[in-house]
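Working notes for the structure below.
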Amino acid sequence: MAAVKVYGMALSSCTARVLTCLIEKGVEYELIPLDLAVGEHKQPGYLAKQPFGQIPVLEDGDLTLFESRAIAKYVAYKYKDQGTDLLRHENVKESALVLVWTEVESQQYNPPISTLVYELLIKGMYGMTTDQAVVDAQSEKLGKVLDVYEARLAENKYLAGNSYSLADQNHIPYTYFLMKTPAASLITSRPHVKAWWEDISSRPSFQKVLANANA
Ligand SMILES: N[C@@H](CCC(=O)N[C@@H](CSO)C(=O)NCC(=O)O)C(=O)O
């Protein structure tokens, strides 16, 4: 029985963010699936773990965590001596840049991309109509963010420098879903961003998350 338990849905973006990190760090875990369609994440037992009623939650012994980016940082720190060095903890300047670009993902990248995935992918799954005005506005916003990424990645193979880190990894799940929509061109039209995406999304850790989810 794995000491680490993850409550969530394998292919929901935020759960996938945590699973990718656990696999990249070589940490055994048990995924406990929750069915959002029937509201399992809003039941008292789960709300006691996650008061906002969202997935994922990670339990590690008597420690219960939520917020996928915080969980990923915890995993990357606790298991810093195994698997991929995601925090670049032996180089203070590199580790500082990991902090910067993980925040950029959360503060600048996530708002437009999560809205585009909702409008262009999620809504269609429930028979809802895409709001094209929102898509246009968020595409312009994400495009400006990606112009910064294009310049950064023209000088560095990865966002925090020349090594893969948690900063790159946190981008994978939502970008994977964006690539299934017409807004994929925001990524593919920028050569350095496109090459970066192809590199990070082909890593065995994320490929294993996809394989497990479709198993
Ligand atoms: N900032 C949080 C967001 C969690 C979230 O939105 N989870 C979604 C599924 S993943 O897209 C969720 O639980 N949706 C159901 C709901 O909000 O009721 C994190 O990073 O963990």
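Side-chain atoms are counted along with the backbone in the values below, which use heavy atoms only and exclude waters and symmetry mates. Just so you know, ligand 1 is whichever comes first in the structure, and atom 1 is the first atom listed for that ligand.
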Using a 4.0 Å cutoff against the non-hydrogen atoms of [X], which atoms of ligand 1 qualify?
X   : value
S12 : 10 (S)
P56 : 21 (O)
R69 : 20 (O)
S13 : 10 (S), 11 (O)
K42 : 16 (C), 18 (O)

Return yes when atom NZ of K78 has more than 12 non-hydrogen atoms of other residues, nucleotides or ligands closer than 6.0 Å, and no otherwise. yes

Would you indicate whether Q82, at its atom CD, is surrounded by more than 12 heavy atoms from other residues, nucleotides or ligands within a distance under 6.0 Å? yes

Below the 3.5 angstrom mark, is there an N/O of Q54, backbone or side chain, next to an N/O of ligand 1?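 Yes; the residue has a nitrogen or oxygen that sits under 3.5 Å from a nitrogen or oxygen of the ligand.
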
When you measure from the heavy atoms of [X] to every atom of ligand 1, does any distance fall below 4.0 Å?
X    : result
Y174 : yes
M9   : no
S114 : no

Without hydrogens or angle criteria, can the side chains of Y164 and D199 be said to hold a donor-acceptor pair below 3.5 Å?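 No pair is found: no donor N or O on one side chain lies under 3.5 Å from an acceptor on the other.
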
Where do I172 and V209 land on the side chain to side chain contact (heavy atoms under 4.5 Å, CB included) test, with the steps shown first? CA-CA 11 Å; I172 296 174; V209 170; over 6 Å; no

Please work out which of I71, N170, I55, N110 has its closest non-hydrogen atom nearest to atom 7 (N) of ligand 1.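 Selected option, by shortest heavy-atom distance: I55.
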
Would you mind checking which non-hydrogen protein atom is closest to [atom], with the distance to 0.1 Å?
atom                    : value
atom 14 (N) of ligand 1 : L36 CD2, 4.0 Å
atom 21 (O) of ligand 1 : S68 N, 2.9 Å
atom 1 (N) of ligand 1  : E67 OE1, 2.6 Å

Decide whether Y77 and V100 are clustered together by the hydrophobic rule: side chain heavy atoms of Ile, Leu, Val, Met, Phe, Trp, Tyr closer than 4.5 Å, transitively. yes

Taking the inter-plane angle between the rings of Y149 and W101 on a 0 to 90° scale, is it parallel (under 30°), tilted (30 to 60°) or perpendicular (over 60°)? perpendicular

Do you know which two heavy atoms are closest between [X] and [Y], and how far apart they sit?
X    : Y    : answer
I55  : C14  : O-CB, 4.1 Å
E150 : V193 : OE1-N, 2.9 Å
K194 : T188 : CD-O, 3.4 Å

